[in-house]
Amino acid sequence: MVSGKFRNPYSKKNQLKRLVWTICWNILARPFPRNLGRKWKLFLLRIFGAKVASTSVVYSKAKIFMPWNLEMDDFACIASDVDCYNAAKVRIGKNATVSQYSYICTATHDITSKSHTLYALPITIEDNAWVASKAYIGPGVVIGEGAVVGATASVYKNVNPWEVVGGNPAKFIKKREIKC
């Protein structure tokens, strides 16, 4: 058995900043039901460095690990109980939605490292994409424009634009076609 000592990759300053953020969000945003107080919540996110469009929506019960690593374009939405573990940058494009209970996970551990080193890779959810309920999006993944990630899917690789994927691991189901 290989053993090594885990070293926290986050500085004391980062840890303190996240503590203050968590307290502020839990006291000043979570009491609002669902998306009530939208502008107030966006204001709080911006104070902590998030780049969020004035038309984006973050529900009160969403959990944002590091708001300074969050970018949301016009009409982007993070729904209730989404866990956005954004140790690296997360960008959510225009009209893109991350549905309830989904897990956006930018960080993982190096399984070949004695010290179980943590590393993070950015996640991008492009314009008009939809991550359905309880989906998992792994580090470094790009969800292409207009793509749909089915409910409970686990995505470890990029999803091409205008494709529907589902399952664990997520696999191509069909092309997405918009009918007017």
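These values consider heavy atoms only, across backbone and side chains, with no hydrogens, waters or symmetry-generated copies. Computed from a prediction, not measured in an experiment: that's the story for all the values here.
A salt bridge links Lys89 and Glu71; the closest N-O separation between the charged side-chain nitrogens and carboxylate oxygens is under 4.0 Å.
One N or O on the side chain of Trp25 and one on the backbone of Ala62 form a donor-acceptor pair closer than 3.5 Å. Although no hydrogens or angles enter the test, the distance criterion places no donor-acceptor pair under 3.5 Å between the side chain of Asn86 and the main chain of Ala88.
When all heavy atoms are compared, the tightest approach of Ile173 to Val165 is CD1-C, 3.7 Å. For the pair Tyr59 and Ser80, the tightest heavy-atom approach, listed with the atom from each and the gap, is CD2-OG, 3.3 Å. Between Leu44 and Ala29, the shortest heavy-atom distance links the atoms CD1-CB, 3.9 Å. When all heavy atoms of Asn69 and Ala87 are compared, the pair lying nearest together is ND2-O, 3.1 Å.
For Asn168, the side chain to side chain contact (heavy atoms under 4.5 Å, CB included) partners are Ser154, Tyr156, not counting sequence neighbours. The salt bridge (Lys or Arg N to Asp or Glu O under 4.0 Å) search around Asp73 returns Arg91, not counting sequence neighbours. With sequence neighbours excluded, the residues that form a salt bridge (Lys or Arg N to Asp or Glu O under 4.0 Å) with Lys61 are Asp81. Qualifying side-chain hydrogen bond (donor to acceptor under 3.5 Å, both in side chains) partners for Arg18, counting only residues two or more places apart in sequence or in other chains: Asn14.
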Can you give the donor-acceptor pairs under 3.5 Å from side chains of residues 121-147 to other protein atoms, not counting sequence neighbours?
{"residue": "Glu126", "atom": "OE1", "partner": "Glu145", "partner atom": "N", "Å": "3.0"}
{"residue": "Asp127", "atom": "OD1", "partner": "Lys94", "partner atom": "N", "Å": "2.8"}
{"residue": "Trp130", "atom": "NE1", "partner": "Ser99", "partner atom": "OG", "Å": "2.7"}
{"residue": "Ser133", "atom": "OG", "partner": "Gln100", "partner atom": "O", "Å": "3.2"}

If you look only at distance, which donor and acceptor atoms sit under 3.5 Å apart when one is on a side chain in residues 50-58 and the other is two or more places apart or in another chain?
{"residue": "Thr55", "atom": "OG1", "partner": "Asp74", "partner atom": "OD1", "Å": "3.0"}
{"residue": "Thr55", "atom": "OG1", "partner": "Phe75", "partner atom": "N", "Å": "3.0"}
{"residue": "Ser56", "atom": "OG", "partner": "Ala53", "partner atom": "O", "Å": "2.6"}

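Heavy atoms of other residues, nucleotides or ligands lying less than 6.0 angstrom from OH of Tyr101 number 12 at most.
Ring pair Tyr10/Phe65: centre-to-centre distance below 6.0 Å.
Stacking of Lys17 on the aromatic ring of Trp68 is recorded, both the 6.0 Å distance cut-off and the 45° axial limit being met.
In the hydrophobic clustering of this structure, Ile27 groups with Val20; members are Ile, Leu, Val, Met, Phe, Trp, Tyr whose side-chain heavy atoms approach within less than 4.5 Å, directly or through other members. Residues Val90 and Ile64 share a single hydrophobic cluster, defined by chaining ILVMFWY side chains whose heavy atoms lie under 4.5 Å apart.
The structure places OG1 of Thr106 at 8.0 Å from CE of Met66, a figure rounded to the nearest 0.5 Å.
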